[in-house]
Every structure is written in structure tokens, then in C-alpha cells.
Amino acid sequence: MKKLVIFFTLSYFFTTAQMRDSSRILSFETILPKLETTPVISSDDAADDVCIWHNSKDSDRSIVVGSDKQWGLISYALDGSILSKSPFGKINNVDIYEDFYFKGETYPLIFGSNRSEKTIDIYRLFPDGKLQRLNQIKVPELRDVYGITFYRGERHKYVFLSDKKGRVQQWMFGLNGDLPDLKLLRTLKVKSIVEGMVADEYYEKLYFAEENVGLWEVNVHPWKAEAFQLLIPTDKDQLLADFEGVTLMERPDGEGLIFISIQGNNAYGIVDRKSKKFLGGFRIGNFNGIDAVSDTDGIDLSTFSSELFPQGIFIAQDGDNNTENQNYKFVDLGQILRKTNAKP
């Protein structure tokens with residue numbers, strides 16, 4: 001019995017030592033920003049989350065919609081200049097349904113978590129960057145609406161909405177007369193704050209960040225078992241809390257990458273979409289008069305090719321923009337994939 005105890009004790013310390021050694025090996029590559037946006041309107045903690053609309057007719061005229069969570073929404077061109085400003089209230093997070101079809105028209109819808117009204121807001125995005133609010137859906141139960149993401153399945157479309165109590169509501173998307181509308185289906189629950197989320201239609205999963213715990217996945221369909229699984233936990237050595245934004249780079253046949261913003265490291269992690277293995281990470285440094293990203297929060301990416309971003313674009317919120325109000329940094333996605341050797 002004593003030999004057995006000694007064996008397990010030695011095994012524990014050996015395993016722990018291995019974990020510590022491997023954590024020291026992990027490093028974050030430095031990636032250089034391509035450009036930055038005009039600062040948001042509000043001071044202090046204001047910029048938060050972004051989504052990207054790909055203009056399939058002219059990629060160079062694609063649009064980025066970002067939140068100023070003290071004021072409303074701002075739409076940007078790919079050069080970072082402001083196209084339109086909309087004072088809709090304290091919109092915390094945003095996501096997009098790129099090709100909503102209605103009455104012979106196809107156009108993007110933007111979903112926003114509105115903390116002023118305690119609602120889910122639905123907006124139409126126009127090609128010039130202007131936004132029109134189409135509907136506001138009151139949110140029961142959640143005290144403080146927070147993260148939001150859209151699931152675009154072939155048969156079912158959902159909106160997921162989170163709060164600071166670890167609750168994630170799932171809403172069915174549809175039409176109510178001439179208005180896009182939502183119906184509450186269920187509420188998922190973990191123990192603490194959830195903000196960043198992204199939906200994966202191929203695997204029918206929702207990936208979400210419980211800030212102090214790690215990156216989770218759960219089945220999206222209400223008729224399936226929830227099957228919560230902690231994919232990447234936070235730790236006290238390398239992957240420090242908080243985990244904030246989450247976004248997805250999709251490739252055919254379920255290949256691709258999951259990106260998470262790791263506020264405790266002022267960095268970003270990359271996870272293989274198929275195996276769920278952690279592949280490495282990066283930071284966004286300072287370059288050509290653009291300051292480095294710190295206190296990072298919302299992120300998004302897109303793989304379309306444009307003149308400024310021929311291999312795709314990665315966008316990150318910057319929580320400390322030197323002496324100016326917060327803003328968003330735009331990065332060449334190809335540079336990230338090359339320097340991190342992330343191969344989906």
C-alpha cells in the first residue's frame with residue numbers, strides 16, 4: 001500500500017512538472033497591425049465587439065460594424081474610416097446574418113445586445129454603411145444582456161444571448177409579419193460570466209467563453225443533450241483569465257480554426273476546429289505609428305480577399321489606444337497563419 005501511495009505521489013509530481021515545463025514552452029508570436037480605425041465616440045471603456053459584412057459584389061466595399069457600448073454602433077470601411085454612426089444606446093456585442101432574404105431582396109441583418117433597453121436589436125445594414133433598426137425584442141430573465149451570436153443552419157436559425165450570471169439564452173429566428181423576430185427556446189447555464197460566443201453550423205455546436213474558466217462547446221439543438229465540454233481551460237501560467245471574444249475561421253469538411261481573445265495575456269489563442277487542440281497564440285504589436293493591442297475584448301475575422309487584405313482580415317478591439325478613445329485594429333489574416341504555423 002505504501003508503494004502504491006508513493007507511486008501515485010511521484011506520478012502526480014511528474015505529471016505536474018510536465019505541465020509546467022510545457023507551459024513555459026508556449027509563446028505568443030508578435031503580429032503587426034495593418035491599420036486601425038478612427039476612435040469610437042465615447043471615452044473610457046467603450047469599444048467592444050465587431051462583425052464583418054463581405055460585399056460579394058465588391059470585396060473592397062465590405063463593411064465592419066463595431067459597437068461603442070456607451071453610445072451605439074459605428075460602421076467602418078476596410079481602411080478604418082467611419083462610414084456611419086448610429087446612436088442606438090448601449091450596444092455591447094454584435095453579430096451578422098449576411099444574406100437574409102425577404103420579399104425579393106437579400107441584405108445583411110445585424111444583431112445587437114442592447115443594455116440600455118434590455119433587448120435584442122435587429123438592424124438592416126445598407127451598402128453605404130447606414131443602419132436601420134427593424135425590431136427590438138424584450139429579454140426576460142437576463143439582468144444584463146451581454147454577448148450575442150447568430151447560428152445559420154440550413155433548417156434552423158438561432159440567436160444566442162449571454163449575461164454576466166453565466167446564462168445563455170437560445171432564441172429561434174423567424175418572421176412575424178413583415179418583421180424579423182425571435183422566440184425564446186431555452187436557457188443554458190454555467191457558473192460565471194459569459195460574453196464571447198461563436199456558432200459552428202458544420203458541427204452544430206456553440207463555442208463560448210466563460211471568462212474565468214475557459215472555452216466551452218455545447219450542442220446547439222434543443223432536442224439533443226446539451227453535452228457541455230470544456231475545450232480549453234484557463235490556467236495560472238500561460239492562458240490567463242479572462243477569455244473574451246471568440247470567432248471562427250471555417251474551411252471545407254469541418255476543417256478550420258477557433259480564435260479566442262485572452263485578456264489576461266493581451267493575446268489571442270488558436271484552436272484546431274476539428275481536434276480541439278490548442279495550436280498556439282499571438283499578440284498584436286505596435287507598428288508604423290499604430291500602438292499595440294492591450295486589454296483585448298471582441299474579435300472577428302473573414303477570409304475574403306480584398307486589395308488591403310488579400311488573404312483575409314482579423315479585427316481586434318484595443319482597450320488602450322494611447323491618449324485617444326478606444327478603437328479596433330485590422331490585421332492581415334495571412335500574416336497570422338504564417339507566423340503561428342496554424343494550418344487548418
Side-chain angles (χ1 to χ4, degrees), residues 25-37 47 49-54 59-60 62 64 66 76 78-80 95-96 196-198 200 207 209 215 231-232 238-240 242-252 254-321 327-344:
I25 295 170
L26 180 63
S27 62
F28 295 101
E29 297 289 338
T30 298
I31 305 297
L32 303 180
K34 185 77 171 278
L35 54 88
E36 61 183 339
T37 66
D49 192 32
V50 288
C51 61
I52 305 165
W53 172 59
H54 175 215
S59 292
D60 293 318
S62 298
V64 176
Y76 301 94
L78 290 185
D79 64 1
D95 202 12
I96 189 168
M197 301 184 289
V198 70
D200 187 335
Y207 309 124
L215 179 69
L231 303 178
I232 308 294
Q238 281 291 337
L239 303 181
L240 307 178
D242 297 336
F243 282 11
E244 295 280 346
V246 187
T247 192
L248 179 65
M249 189 181 85
E250 300 179 69
R251 288 288 188 249
E255 302 286 345
L257 302 168
I258 306 167
F259 288 73
I260 51 176
S261 61
I262 309 171
Q263 196 170 88
N265 295 96
N266 295 318
Y268 307 88
I270 303 175
V271 179
D272 183 84
R273 181 190 186 194
K274 198 169 188 177
S275 69
K276 306 304 189 294
K277 291 182 179 178
F278 190 85
L279 301 180
F282 63 96
R283 292 186 173 96
I284 300 174
N286 59 288
F287 177 68
N288 199 26
I290 303 172
D291 64 301
V293 174
S294 57
D295 241 3
T296 184
D297 204 320
I299 55 175
D300 200 10
L301 65 81
S302 188
T303 57
F304 68 81
S305 178
S306 64
E307 184 177 351
L308 284 170
F309 300 95
Q311 295 179 290
I313 184 172
F314 178 90
I315 302 176
Q317 178 262 8
D318 184 8
D320 185 358
N321 190 32
N327 69 350
Y328 300 95
K329 267 55 177 185
F330 290 10
V331 180
D332 175 19
L333 181 59
Q335 180 194 172
I336 295 172
L337 300 180
R338 288 191 301 273
K339 292 201 70 173
T340 60
N341 291 315
K343 298 176 181 179

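What you see below is based on every heavy atom in this structure, not just the backbone, and it leaves out hydrogens, waters and symmetry mates.
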The single option from Asp200, Val271, Ile232 passing side chain to side chain contact (heavy atoms under 4.5 Å, CB included) against Ile258: Val271
If you look at every heavy atom in [X] and [Y], which pair is closest and at what distance?
X	Y	value
Leu32	Val331	O-CG1, 3.9 Å
Leu257	Asp272	CD2-CA, 4.3 Å
Gln317	Tyr268	O-OH, 4.2 Å
Phe287	Pro33	CD2-O, 3.5 Å

Any donor-acceptor N/O pair, [X] side chain to [Y] backbone, under 3.5 Å:
X	Y	answer
Asp242	Gln263	no
Lys339	Ile31	no
Thr340	Gly281	no
Asn265	Leu240	yes
Asp320	Ser294	no
Tyr207	Ile260	no
Arg273	Glu255	yes

Considering only heavy atoms from C-beta outward, does the side chain of [X] approach that of [Y] to under 4.5 Å?
X	Y	answer
Lys276	Leu231	yes
Asp49	Asp297	no
Ile284	Phe314	yes
Leu301	Ile315	no

Look up atom CG in Asn266 and atom OG in Ser261, then write down how far apart they are to the nearest 0.5 Å. 10.5 Å
Anything under 30° is parallel, anything over 60° is perpendicular, the rest tilted; go ahead and classify Phe304 against His54. parallel
Apply the test side-chain contact (heavy atoms from CB on, under 4.5 Å) to residues Val198 and Leu248: give CA-CA distance (whole Å), side-chain angles for both, the deciding distance (0.1 Å), then the verdict. CA-CA 7 Å; Val198 70; Leu248 179 65; 3.9 Å; yes
With sequence neighbours left out, which residue pairs that include part of residues 298-310 fulfil the side chain to side chain donor-acceptor pair (under 3.5 Å) condition? Thr247-Asp300
Lys34 charged N/C atom sitting above Phe309 aromatic ring, 6.0 Å / 45°: yes
